[in-house]
Protein chains: 2
Amino acid sequence: MDAGITILGLTAGALTTLAFLPQMLKTYRSKSAKDVSSLMLITFCTGVFLWLVYGYFRKDVAVMLANSITLVLNLGIFYLKFRYK
Amino acid sequence: MDAGITILGLTAGALTTLAFLPQMLKTYRSKSAKDVSSLMLITFCTGVFLWLVYGYFRKDVAVMLANSITLVLNLGIFYLKFRYK
């Protein structure tokens with residue numbers, strides 16, 4: 001049972017991390033992110049960074065790994081949003 | 001030290017949960033979510049739902065609470081995206 005729950009957590013983490021890849025690709029292709037909220041990106045990136053620090057203090061590599069990928073993807077969306085403003 | 005780390009986690013959770021409120025409000029006001037990726041929303045909602053189930057099995061109320069709010073907000077964005085298509 002415990003292994004199943006761990007796999008569930010890893011799957012959830014992978015999905016909520018990789019979910020931002022299609023958004024980054026869409027923004028890159030359409031050269032537009034007008035409808036994407038800057039306040040969401042700023043708030044979300046701040047929260048994800050804190051999760052990264054949280055993972056460091058808890059010595060939880062999974063939390064650090066998932067959140068560092070999420071942070072890179074969201075900073076990428078943020079960069080593209082301003083580049084195509 | 002431990003209390004500090006817990007507060008850090010709660011803050012991170014609050015930010016990555018409430019981050020989607022400005023996106024929902026922006027979509028509601030602008031009546032447009034063309035630039036928001038449907039694949040991101042579907043993948044993210046699936047992942048957040050799995051985190052909710054994970055929290056249930058781990059009996060972790062904080063994980064369940066944060067992810068149920070995140071799920072409601074993202075389903076809201078998803079609904080508005082198709083309503084204004």
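Chain identifiers are assigned alphabetically (A, B, ...) following the order of the sequence lines, protein sequences preceding nucleic acid strands; residue numbering begins at 1 within each chain.
Taking chain A as the reference chain and counting heavy-atom pairs below 4.5 Å, the highest number among B:G13, B:A14, B:S38 is found for B:G13. No other option in B:A33, B:G4, B:G9, B:A12 has as many heavy-atom pairs under 4.5 Å with chain A as B:A12.
Taking the charged nitrogens against the carboxylate oxygens, B:D2 and A:R58 do have a contact shorter than 4.0 Å, which makes a salt bridge.
The number of heavy-atom neighbours closer than 6.0 Å to CZ of A:F49, taken from other residues, nucleotides and ligands shown, is 12 or below.
Interface residue A:V53: backbone and side-chain heavy atoms are both found under 4.5 Å from chain B. Both the backbone and the side chain of B:T6 come within contact range of chain A, each with at least one heavy atom under 4.5 Å from a heavy atom of that chain.
Between B:F44 and B:F20, the angle of the ring planes lies from 30° to 60°, which puts this pair in the tilted group.
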Worked verdict on A:N74 versus A:V48 for side chain to side chain contact (heavy atoms under 4.5 Å, CB included): CA-CA 9 Å; A:N74 275 276; A:V48 167; 5.5 Å; no
